[in-house]
Number of protein chains: 2
Amino acid sequence: MDPSIICPRFEKAVAILSQRWTALVIYQLLSGPQRFCSMTDTLGISGRVLSERLKELENQGIVKRNVIPETPVRIEYSLTEKGVSFAPIMREIDKWSQSWVEKVPTDEKSGS
Amino acid sequence: MDPSIICPRFEKAVAILSQRWTALVIYQLLSGPQRFCSMTDTLGISGRVLSERLKELENQGIVKRNVIPETPVRIEYSLTEKGVSFAPIMREIDKWSQSWVEKVPTDEKSGS
DNA sequence: ATAAAAAAGTTACTTTAAGTAACTTTTGTG
DNA sequence: CACAAAAGTTACTTAAAGTAACTTTTTTAT
């Protein structure tokens, strides 16, 4: 059984994007540098997994980590050029979602 | 903690694509209808998970299942219009991969 | 000087998803 | 009638993600 007749580069790109949270992390960083806590708050990702993902993305040259010696010290995460290059993919996903995803139920705590 | 300030439609689209194997299944179906076994062979996905994914994609109206009463009976999976509409996303992922993914090591069983 | 607070993680533990391989079902051919 | 092929399914193992409490560093308030 050949594990892939599919283009290995394409497969690699898909592997990055289909890892849980990765696409959302990149998407959020496309709107500008972000701090750790703002990402956990906005995305609803746990600190444990966000920390893991950011390290992986840093190793892949997609994200860079910036220590800002303010007080208290801030760590800012931002995209490298490679990271920014995901923008057209995100735009297509966004376009697709506008055409094909029905209005998502808001799932409120059923107010009165 | 608000679980999402991000557009829920976008989030939903990302949820589809970031589920393991889903993007590759759609990608393969973009090249034409496929049978169950050809997908397991080409993608290296297990039957258990492929079966699960195909059912989900059918429920989402992305894939359709076609029973062909030949002998032995063949089941052909193909994309609906909604499924085909992923094509531009796949094209962008492919473009990205050509620019940014380095040549992937072939991982041969170190032949002579 | 000491206590509490805030940011950025990390650790230990639980739950869920995916991988593996053997088995079932249906139809057909020798 | 036994065997083969396709399409799954079942039971079980392994890996990934979720949860929540804890650590570290530095600053502000008492």
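A, B, ... follow the sequence lines: proteins, then strands. Residue 1 opens every chain.
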Give the rounded distance in Å between these two atoms: [atom1] of [X] and [atom2] of [N].
X: B:Leu50; N: C:dG19; atom1: CG; atom2: P; result: 11 Å
X: A:Asn66; N: C:dA7; atom1: CG; atom2: P; result: 18 Å
X: A:Gln19; N: D:dA16; atom1: CD; atom2: P; result: 9 Å

Quick one: side chains of residues 85-94 of chain A, donor-acceptor pairs under 3.5 Å with protein atoms, not counting sequence neighbours, listed by atom name and distance.
from	atom 1	to	atom 2	distance (Å)
A:Ser85	OG	A:Lys82	O	2.4
A:Ser85	OG	B:Trp96	NE1	2.7
A:Ser85	OG	B:Trp100	NE1	3.1
A:Glu92	OE2	A:Lys95	NZ	3.2

_With a 4.0 Å cut-off on N to O distance, would you call B:Glu58 and B:Lys55 a salt bridge?_
no

*Quick one: which of B:Ile16, B:Leu17, B:Thr22 gives a side-chain contact (heavy atoms from CB on, under 4.5 Å) with B:Gln19?*
B:Thr22

*side chain to side chain donor-acceptor pair (under 3.5 Å) against A:Arg74, all qualifying residues, sequence neighbours excluded*: A:Glu70

*asked:* So which atom in B:Thr42 and which in B:Gln28 form the shortest heavy-atom distance, rounded to 0.1 Å?
replied: OG1-NE2, 3.3 Å

_Please find the pair of heavy atoms, one from A:Gln98 and one from B:Arg9, that lie closest to each other, and give the distance._
O-NH1, 3.3 Å

*May I ask you to list the residues of residues 20-29 of chain A, by number, that have any heavy atom positioned under 4.0 Å from an atom of DNA chain D?*
A:Arg20, A:Trp21

*Contact pattern, 5' to 3', of nucleotides 5-14 of chain D - B, S or - by protein heavy atom under 4.0 Å*: -SSSBBB---

*Partners meeting ring pair (Phe, Tyr, Trp, His ring centres under 6.0 Å) with A:Phe36 (sequence neighbours left out)*: none

*asked:* Checking B:Glu52 now: which residues fulfil salt bridge (charged side-chain N to carboxylate O under 4.0 Å, His left out) with it, not counting sequence neighbours?
replied: B:Arg48

